[in-house]
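Nothing here was measured: the structure is a model prediction, and the numbers come from that model. Per chain, numbering begins at 1; letters A, B, ... match sequence-line order.
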2 protein chains.
Amino acid sequence: MSRKGWRSPKEVRIADVARIAGVSTATVSRVLASPDKVRQKTRDLVLEAVRQCGYTPNSVARNLRKRRTMTALVVVPNLANPVFAQILRGIDEELTQSGYGLVIGSLDNCEDREARYVELALSRQVDGVILMNGRIPEGNKRTMREAGLPMVAMCAAIDDDKIPNVVVQDREASRAAVEYLVQLGHRRLGYIAGPPSNIIAAERLAGFLEGIAEAGLSEKDFVKWDGRFVFSAGVAAAEAFLKLKDRPTGVYATSDESAIGFIKVVRAAGVRVPEDVSVIGFDGIEFADYVEPTLTTFRQPLHDLGRKGAAVLLKMIHKQMQPGDWNIRLPLELLERDTTRAIPDGTRKASRQGRGKPHLVSH
Amino acid sequence: MSRKGWRSPKEVRIADVARIAGVSTATVSRVLASPDKVRQKTRDLVLEAVRQCGYTPNSVARNLRKRRTMTALVVVPNLANPVFAQILRGIDEELTQSGYGLVIGSLDNCEDREARYVELALSRQVDGVILMNGRIPEGNKRTMREAGLPMVAMCAAIDDDKIPNVVVQDREASRAAVEYLVQLGHRRLGYIAGPPSNIIAAERLAGFLEGIAEAGLSEKDFVKWDGRFVFSAGVAAAEAFLKLKDRPTGVYATSDESAIGFIKVVRAAGVRVPEDVSVIGFDGIEFADYVEPTLTTFRQPLHDLGRKGAAVLLKMIHKQMQPGDWNIRLPLELLERDTTRAIPDGTRKASRQGRGKPHLVSH
DNA sequence: TCGATTTTTGTAATCGATTACATCTTGAGA
DNA sequence: TCTCAAGATGTAATCGATTACAAAAATCGA
């Protein structure tokens with residue numbers, strides 16, 4: 001019961017256990033790491049000693065010796081964004097399953113905080129890094145790569161064949177969003193963009209423009225509003241929308257949040273959704289199903305994305321990369337809900353009416 | 001340019017730098033840690049060598065030697081919950097400012113994952129722990145406390161005077177919520193509870209019951225629905241609500257998510273909010289302001305809560321705790337928005353009408 | 001019972017930094 | 001120029017585990 005004469009419990013070392021059990025530190029270490037290499041009797045002796053003084057190995061020392069930390073760093077732009085939160089859950093799950101830990105580095109939209117995380121990685125505190133922010137300065141990226149640090153990019157296709165990519169098919173889904181609206185009979189579209197500097201936003205814009213071209217539409221047939229993937233961007237877009245005389249009948253918002261902001265404001269101004277304007281979002285966050293009317297959107301396979309990303313990182317760490325691992329692009333799923341509908345007298349090509357089964361976007 | 005003959009860049013050690021600069025490792029270490037103790041000329045020599053071979057100190061080794069990691073662990077029940085996301089931002093900010101890092105341990109609602117995080121802490125990989133989950137098994141808590149690990153509880157008042165508490169005034173705000181509804185003339189109330197096993201939920205329930213008693217109401221005057229702080233709990237409550245013949249006119253949901261779920265379902269059934277039923281939430285998440293109608297709620301000072309919690313942990317780590325630090329309870333702010341209103345012919349005590357200025361709940 | 005083999009255990013080097021202490025320089029003042 | 005304090009640098013111990021290798025003990029067959 002009493003522990004007099006001992007170090008404070010927080011400072012029990014392997015040597016203390018060894019002394020109590022009457023064996024060497026090597027044996028204690030073995031009991032804990034590979035019990036089958038130690039005779040039963042000795043093992044029991046050691047385990048009893050461990051129990052008695054409440055020993056937990058110091059993993060800082062272990063990490064130093066083993067030259068690895070069993071931990072990965074994930075750099076995200078923003079913790080408050082539910083999209084990242086979901087991806088993180090997937091990552092966490094995959095890593096945990098393999099005995100790895102996770103350090104989350106949130107930039108909180110301050111790009112300069114990145115330096116700290118780069119240092120964390122470079123100083124060997126983690127075994128690998130997953131990048132989810134669109135804009136890692138080239139310098140940092142190169143430094144880390146040269147340091148031989150396993151890395152995975154989950155922001156957007158990075159044109160660097162040393163860094164594997166795990167992303168969703170932003171471009172394809174964007175194109176499909178246009179196609180979907182056009183099929184419903186919409187000929188005049190609105191586009192709520194992401195931040196111009198963001199790689200993902202650029203991908204989605206490219207897809208949108210491809211869709212426009214494929215539908216035989218031109219620049220005159222759509223309005224584009226800049227945004228930042230957030231609620232307020234949708235609000236701003238809606239305000240611009242309301243001022244137009246020739247309003248779009250179909251709006252594609254590149255994030256659910258901005259779609260929700262848009263809908264809220266136009267409805268407050270008496271514009272009905274979907275009767276007067278159809279809106280389709282992007283992300284598939286939970287709240288998209290909570291709002292009224294429920295939001296039609298492309299669902300990102302966030303959880304899966306996270307798991308795949310982490311899986312690739314682990315392969316990278318264990319040097320088991322295979323050809324197919326370098327460029328993974330997951331499909332999105334169209335969730336047809338209540339903010340979109342066909343123009344009654346429109347000249348629709350397809351006859352998909354009302355609620356259909358969600359369909360998968362293929363490459 | 002060429003690096004032949006060197007270790008791979010990832011393995012540059014302080015000894016390499018020392019050799020190149022022609023000094024001892026001690027000097028290199030000093031240049032990096034306390035430059036003013038080294039002569040200018042030597043310093044330049046060393047810095048040049050550092051630059052030349054791209055040296056970054058191995059912080060695992062440093063942590064071992066210094067017996068501290070400059071990192072704190074935060075255990076949260078769930079990353080996807082925006083409430084925790086906001087608190088985490090506050091924590092992160094405060095820690096970063098003091099040069100500390102942050103490891104987030106998400107339980108993802110699996111309590112058994114906790115063991116892993118306890119081990120992380122016990123194995124000296126972090127200097128302190130912030131607990132945000134309501135149900136840390138006693139055993140684990142005691143183990144960590146006995147290990148002398150600095151800890152802060154941010155879930156609810158833990159009746160352990162060795163662990164400081166940083167929480168919001170759940171009970172008081174709950175009481176105030178009842179008071180508010182009663183003042184608006186509501187005499188028949190609904191209560192959407194949190195999970196019975198959760199400490200915070202228990203606090204809120206206690207506050208609610210206090211409020212009921214203070215208003216001179218009794219058990220017959222309210223209906224209580226169990227929930228889990230989530231959207232679906234609100235949905236379930238609404239379904240129960242709709243079946244009642246004598247429906248409450250004022251509903252207090254102990255989380256915004258459940259309030260939103262409730263509103264969505266009752267409106268779909270033709271019940272108007274706030275005309276037929278007033279709803280007040282709890283949390284003050286962003287989405288509460290995005291839904292239609294905007295949700296009246298008690299806003300938790302999440303960011304501040306996080307900062308304060310981290311600040312207390314840092315004091316604990318640095319052994320600078322002061323009497324007032326052991327029990328911090330932050331007030332909430334009532335955000336009067338569009339889901340609540342006075343019963344027109346009700347017998348209200350106060351005459352607060354429509355939108356007032358948000359008012360602070362004091363102890 | 002003896003030696004060979006296998007199994008178990010111990011010794012000591014190692015991971016890569018920091019830092020107390022010792023030693024060597026430098027420069028000011030006599 | 002010499003002395004001595006202050007300043008700069010080096011030496012080596014240290015943090016706490018793991019593990020290669022050596023040594024000891026157990027096991028087995030003859």
Original post:
Which residue lies toward the 5' end of DNA chain C, B:Thr56 or B:Arg30, if each is placed at its nearest nucleotide?
Top reply: B:Thr56
**OP:** Using the test side chain to side chain donor-acceptor pair (under 3.5 Å), find all partners of B:Asn81 that sit at least two apart in sequence or belong to another chain.
**Re:** none
**OP:** Find the distance A:Ile14:CD1 to C:dT11:P and express it as a whole number of Å.
**Re:** 14 Å
**OP:** Go through the structure and list residues passing side-chain contact (heavy atoms from CB on, under 4.5 Å) with A:Ala26, not counting sequence neighbours.
**Re:** A:Ser24, A:Arg30
Subject >> Residues in contact with DNA chain D, drawn from residues 57-65 of chain A - heavy-atom cutoff 4.0 Å >> reply: A:Pro57, A:Asn58, A:Ala61, A:Arg62, A:Arg65
**OP:** State which residues pass side chain to side chain donor-acceptor pair (under 3.5 Å) with A:Gln125; sequence neighbours excluded, sorted by chain then number.
**Re:** B:Ser59, B:Asn63
**OP:** Starting from P on C:dG16, measure out to CG on A:Leu122 and report it in whole angstrom.
**Re:** 15 Å
Subject >> Residues in contact with DNA chain C, drawn from residues 31-48 of chain A - heavy-atom cutoff 4.0 Å >> reply: A:Val38, A:Arg39, A:Thr42
Original post:
Distance check: side-chain N/O of B:Ser24 vs OP1/OP2 of D:dT11, anything under 4.0 Å?
Top reply: no
Original post:
Can you list every pair that meets salt bridge (Lys or Arg N to Asp or Glu O under 4.0 Å) and has a residue in residues 33-43 of chain B, with sequence neighbours left out?
Top reply: none
**OP:** May I have the distance from B:Arg67 (atom CZ) to D:dA17 (atom C1'), rounded to whole angstrom?
**Re:** 13 Å
Original post:
Atom CZ of A:Arg19 to atom C1' of C:dG10: distance rounded to whole Å?
Top reply: 17 Å
Sub-3.5 Å pairs of nitrogen or oxygen atoms, protein against nucleotides 4-7 of chain D:
none

Subject >> Interatomic distance, B:Arg68 CZ vs D:dC15 C1' [rounded to whole Å] >> reply: 12 Å
Original post:
Across the strands shown, which category fits B:Val28 at heavy-atom distances under 4.0 angstrom: base, sugar-phosphate, nothing?
Top reply: nothing
Original post:
Sequence neighbours excluded, which residues qualify as salt bridge (charged side-chain N to carboxylate O under 4.0 Å, His left out) partners of A:Lys315?
Top reply: A:Asp325
**OP:** Output the distance between atom OG1 (B:Thr56) and atom CE (A:Met144), rounded to the nearest 0.5 Å.
**Re:** 11.5 Å
**OP:** For residues B:Val126 and B:Ala121, report the shortest heavy-atom separation together with the two atoms involved.
**Re:** CG2-CA, 3.7 Å
Original post:
With sequence neighbours excluded, what pairs up with B:Gln40 under the side chain to side chain donor-acceptor pair (under 3.5 Å) test?
Top reply: B:Asp44
**OP:** Drop me the distance from B:Met321's CE to B:Leu314's CG, to the nearest 0.5 angstrom.
**Re:** 11.0 Å
**OP:** In whole angstrom, give the distance that lies between atom NZ of B:Lys66 and atom P of D:dG16.
**Re:** 15 Å
Subject >> Check: A:Cys110 main-chain N/O paired with A:Asp108 side-chain donor or acceptor under 3.5 Å >> reply: no
Subject >> Spatial distance of atom CH2 (A:Trp326) from atom CD1 (A:Ile163) [nearest 0.5 Å] >> reply: 9.0 Å
Subject >> Where at least one partner belongs to residues 90-107 of chain A, residue pairs that pass side chain to side chain donor-acceptor pair (under 3.5 Å), sequence neighbours excluded >> reply: A:Asp92-A:Thr96, A:Asp92-B:Arg113, A:Glu93-A:His303, A:Glu93-A:Arg307, A:Glu94-A:Arg307, A:Thr96-B:Arg113, A:Gln97-A:Arg307, A:Tyr100-A:His318
Original post:
So, the side chain of B:Asp127 versus the backbone of B:Met70: is there a donor-acceptor pair under 3.5 Å, distance only?
Top reply: yes
Original post:
Excluding sequence neighbours, so at least two apart, what forms salt bridge (charged side-chain N to carboxylate O under 4.0 Å, His left out) with A:Glu119?
Top reply: none
**OP:** Establish, with yes or no, whether the OP1 or OP2 oxygen of C:dT18 is under 4.0 angstrom from a side-chain nitrogen or oxygen of B:Ser29.
**Re:** yes
**OP:** Describe, as an angle rounded to 10 degrees, how the axis at the first end of the helix from C:dT1-D:dA30 to C:dA30-D:dT1 is tilted relative to the axis at the last end, five pairs per end.
**Re:** 40°
